[in-house]
Amino acid sequence: MSAELFPERDRTVGARRTPSYVEELNSAQHRAATHGEGPLLIVAGAGTGKTRTLVYRVAHLLDQGVAAERILLLTFTRRAAQEMLSRVERLVGSRSRAVHGGTFHATAHRILRRHGEQAGLASDFTIMDQGDAEDLMQLARARTGMGEKGKRFPKKETLHALYSRHINTDEPVGALLRAEYPQFVEYEADIVTVFADYVQRKQERNLVDYDDLLLFWATMLEAAPALAERIAGAYDHVLVDEYQDTNLLQARILRGMCRTHQNITVVGDDAQSIYAFRGATVRNILDFPQQFPGTTIVALEENYRSVQPILDTTNTLISRAEERYTKQLYTKREGGDRPWLATAQDEPAQTRFVVERILELHEEGIPLAEMAVLFRAGYQSADLEIELAARNIPFEKWGGIKFLEASHVKDVLAFLRVLENPRDEVSWYRILLLMPGIGELTARAAIDSMVRAAWHHQAFAEFAAPSRARDAHRSLVQLLHALRDAPAEGEGVVGTQILTIRQLYDDILRRKYDRVDPRLADLDQLQTIAGGYPSRAAFLSALALEPPQGTQDLGFDGETEDDILTLSTAHSSKGREWDAVFVIWAVDGYFPMSRSLGDPLQVEEERRLMYVAMTRARNHLAVSYPLNVYDTRRGADYSLDQLSRFLDRGVRDTMHRVVVEPPHDEVSAERNGPMEIDLRAILKGRFGGS
DNA sequence: CACGCTACTATTTTT
DNA sequence: TAGTAGCGTG
């Protein structure tokens with residue numbers, strides 16, 4: 001109607017599908033979404049509609065006539081990228097599909113595949129995930145003879161972490177050693193030798209690690225003007241989510257990408273910075289206005305997620321933090337209960353509390369999919385997982401041990417990798433050691449002979465294996481031969497290749513492991529996943545950058561449930577929200593972790609992590625902790641735990657205290673008189689058990 | 001030289 | 001608990 005009455009006015013508003021920003025955004029969100037050119041910093045507290053604002057901003061840019069393919073949206077996780085892009089599409093339709101969105105690493109990968117050759121990088125490089133990189137570091141450690149310095153020399157994980165920190169932060173190795181690993185300071189020169197060998201090895205084998213992806217991207221932007229022009233020139237607007245979790249290297253990339261324009265939008269919350277361990281620095285967001293002069297700052301403070309009692313608790317918790325953009329989150333959401341603080345006798349009691357409360361809330365009509373249990377570290381949910389499985393409550397676990405880290409999966413992938421990149425020493429080594437009759441020395445001899453043959457195609461076939469390894473050598477040659485002859489591209493080829501590998505490998509697996517079935521099931525799953533990729537190369541790259549979240553044990557296969565409880569590490573919970581959230585193991589030494597206690601900065605990060613976990617809740621929040629922990633690390637005895645230091649007096653005052661009832665079987669034992677004989681303890685005793 | 005056995009140890013978080 | 005370093009045996 002009004003369109004007919006005011007045709008002119010309608011035209012000035014723009015296309016009909018234009019979202020009505022004013023109606024759907026509050027004034028701060030609106031200001032951010034419709035910001036014009038120039039740097040923009042959106043300081044967005046938890047639950048303040050950060051994603052919504054960013055989504056509308058992309059829509060706004062499209063409406064302003066910016067071509068979709070000239071917008072680059074960088075996020076921290078794949079999930080965030082997918083969610084953002086699909087929400088933009090829902091808002092403005094398919095024209096948004098050309099928006100480039102992804103993680104820093106995935107975007108770097110795309111750019112390197114396209115422009116890497118002009119920077120001296122072979123286009124068929126293989127991406128190593130963290131485990132691969134550590135294995136290669138181990139090789140460097142062993143081959144440089146540094147591993148034999150006695151037990152004091154850092155392990156491959158430590159070496160890799162140190163190397164990665166160095167690349168991501170630009171801090172000199174010596175400084176990092178003094179700050180993080182004072183016990184290894186004396187080995188600085190040796191460590192650098194190992195690093196040099198690692199880098200050398202990486203290049204010879206045509207391998208690229210996660211850090212290289214970012215480093216090469218940044219370097220091309222900074223040191224190759226013509227190349228930088230082509231890379232950065234592809235985009236007119238760059239938007240970055242979770243900016244508080246970027247590191248110096250990523251900041252360099254952003255400066256490079258915005259060298260000709262200043263159209264950079266970053267969104268973040270300094271109170272949710274939780275990735276310092278991988279080089280992220282909250283300074284990036286605190287110093288953004290200095291880095292990009294003329295920055296417009298917009299703060300989002302109205303929380304749409306949580307009820308006020310939850311905000312009271314989380315606001316109090318984070319008010320203890322030191323340096324930050326001060327925000328006081330508020331909400332118009334009335335009512336709601338205070339968060340619970342549940343004291344349990346021990347771990348089983350805590351588990352029982354969580355499960356029973358989940359069932360209770362479920363009875364009240366909250367779907368399992370709207371509930372989550374969060375914890376500091378993956379293993380902390382073990383007891384809960386067993387109980388959930390026993391009670392047939394379907395759950396899905398995020399974070400924790402990943403599918404690809406399982407050694408049997410890595411074994412199978414090693415075969416594919418060798419085919420894809422015959423110089424992949426790490427994978428060769430892995431495969432060779434699997435074979436009966438081949439040990440460390442034979443494996444090294446085989447690799448050395450391949451090196452001498454310049455990794456010629458037949459190099460392995462020509463290797464003169466010692467007699468005890470003859471059979472193994474022959475069957476491996478046959479297998480690789482068959483795989484090389486197999487079609488390289490087309491529907492399902494990778495799955496077929498895995499099937500071929502398993503003709504050899506399944507027997508090895510049965511010999512190597514006790515619990516065979518779940519592992520075989522994992523390989524079935526790997527085969528299924530592989531079926532969706534057109535080529536081996538595509539499959540391997542995708543695995544490094546987009547690891548599947550499949551969990552092996554205790555999963556619920558068969559009928560696919562759609563109402564599933566979420567278990568997640570606090571880290572993996574970032575950016576998500578649920579109706580009801582449980583935070584378990586709120587014990588000093590667990591959350592915060594004991595390892596962080598020596599460093600005030602790390603304790604602060606743990607506090608922010610607790611804040612992230614607790615702010616995921618919309619209506620119900622329960623924090624729980626067991627009083628006694630049976631902990632083998634502290635001797636074979638129960639120890640008394642202390643509540644997490646983050647739940648100090650002031651925070652507790654905003655919460656509702658609950659004490660978990662003792663278990664039912666003890667109650668019934670009391671009814672029947674004292675226990676005369678403990679059958680279970682006797683049985684355990686037979687095996688010298690605990 | 002491979003391999004099975006035992007003892008030990010270190011155990012976050014993610015791309 | 002699981003992965004691994006070290007050791008003894010065949």
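Naming convention: chains lettered A, B, ... in sequence-line order (proteins, then strands); numbering from 1 in each chain.
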S.K.: With sugar-phosphate meaning primed atoms plus P, OP1 and OP2, does A:Lys156 contact a base, only sugar-phosphate, or nothing at under 4.0 Å between heavy atoms?
M.R.: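 Contact class for A:Lys156: sugar-phosphate only.
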S.K.: Given B:dT12, is OP1 or OP2 found less than 4.0 Å from the side-chain N or O atoms of A:Thr569?
M.R.: no
S.K.: Any salt bridge (Lys or Arg N to Asp or Glu O under 4.0 Å) pairs touching residues 100-110 of chain A, not counting sequence neighbours?
M.R.: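 Salt bridge (Lys or Arg N to Asp or Glu O under 4.0 Å) check on residues 100-110 of chain A returns no pairs.
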S.K.: Taking atom C1' of B:dT13 as reference, at what distance in whole Å does atom CZ of A:Arg576 sit?
M.R.: 16 Å
S.K.: Would you say A:Ser572 reaches B:dT14's phosphate, i.e. side-chain N/O to OP1/OP2 under 4.0 Å?
M.R.: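 Yes, within the criterion.
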S.K.: Can you name the salt bridge (charged side-chain N to carboxylate O under 4.0 Å, His left out) partners of A:Glu605, sequence neighbours left out?
M.R.: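 Only A:Arg608 meet the salt bridge (charged side-chain N to carboxylate O under 4.0 Å, His left out) criterion with A:Glu605.
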S.K.: Using whole Å, report how far CH2 of A:Trp585 lies from P of B:dT13.
M.R.: 15 Å
S.K.: Calculate the interatomic distance between A:Met593 atom CE and B:dT13 atom P; express it in whole Å.
M.R.: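 A:Met593 atom CE is separated from B:dT13 atom P by 8 Å.
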S.K.: Pick the nucleotide of DNA chain B nearest each of A:His105 and A:Pro466; which residue has the one closer to the 5' end?
M.R.: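 Mapping each residue to its closest nucleotide by heavy atoms, the 5'-most match is A:Pro466.
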S.K.: To the nearest Å, give me how far apart NE2 (A:His160) and P (B:dT15) are.
M.R.: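 My rounded result for the distance is 14 Å.
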S.K.: With sequence neighbours excluded, tell me which residues meet side chain to side chain donor-acceptor pair (under 3.5 Å) with A:Glu606.
M.R.: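 So A:Glu606 forms a side chain to side chain donor-acceptor pair (under 3.5 Å) with A:Arg376.
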S.K.: Applying salt bridge (charged side-chain N to carboxylate O under 4.0 Å, His left out), name anything that partners A:Arg252, two or more places apart in sequence or on another chain.
M.R.: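 In terms of salt bridge (charged side-chain N to carboxylate O under 4.0 Å, His left out), with neighbours along the sequence ignored, A:Arg252 is linked to A:Asp170, A:Glu222.
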S.K.: Nearest-Å distance, CD (A:Gln130) to P (B:dT14)?
M.R.: 10 Å
S.K.: Which residues pass the side chain to side chain donor-acceptor pair (under 3.5 Å) test with A:Asp135, not counting sequence neighbours?
M.R.: none
S.K.: Indicate whether A:Phe277 forms a stack on B:dT13; treat it as stacked only if centroid distance is below 5.5 angstrom and interplanar angle below 30 degrees.
M.R.: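 The base of B:dT13 is stacked with A:Phe277 (centres under 5.5 Å, planes under 30°).
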S.K.: A:Ile274 CD1 to B:dT13 P: how many Å, rounded?
M.R.: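 Between P of B:dT13 and CD1 of A:Ile274: 12 Å.
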S.K.: Rounded off to whole Å, could you give me the NZ-to-P distance for the A:Lys574 and B:dT15 pair?
M.R.: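 After rounding, the reported distance stands at 10 Å.
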S.K.: Is it the case that B:dT13 (base atoms only) and A:Arg278 (side chain only) share a donor and an acceptor within less than 3.5 Å, ignoring hydrogens and angles?
M.R.: no
S.K.: Taking the minimum atom-to-atom distance to the side chain of A:Tyr275, which one of B:dA2, B:dT14, B:dT15 wins?
M.R.: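 Nearest nucleotide to the side chain: B:dT14.
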S.K.: Roughly how many Å is it from CZ in A:Arg519 to P in C:dG3, rounded to a whole number?
M.R.: 7 Å
S.K.: Can you name the one residue among A:Phe591, A:Tyr275, A:Phe76 that meets ring pair (Phe, Tyr, Trp, His ring centres under 6.0 Å) with A:His571?
M.R.: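 Running ring pair (Phe, Tyr, Trp, His ring centres under 6.0 Å) over A:Phe591, A:Tyr275, A:Phe76 with A:His571 returns exactly one hit, A:Tyr275.
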S.K.: Do you know which two heavy atoms are closest between A:Val603 and A:Phe646, and how far apart they sit?
M.R.: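 Here A:Val603 and A:Phe646 meet closest at O-CZ, 3.5 Å.
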S.K.: Check every strand shown and say whether A:Phe104 touches a base, only sugar-phosphate, or nothing at a heavy-atom separation below 4.0 Å.
M.R.: nothing
S.K.: Using nucleotides 3-5 of chain B, report all nitrogen or oxygen pairs with the protein that are shorter than 3.5 Å.
M.R.:
residue: B:dC3; atom: OP1; partner: A:Gly437; partner atom: N; Å: 2.5
residue: B:dC3; atom: OP2; partner: A:Ile438; partner atom: O; Å: 3.4

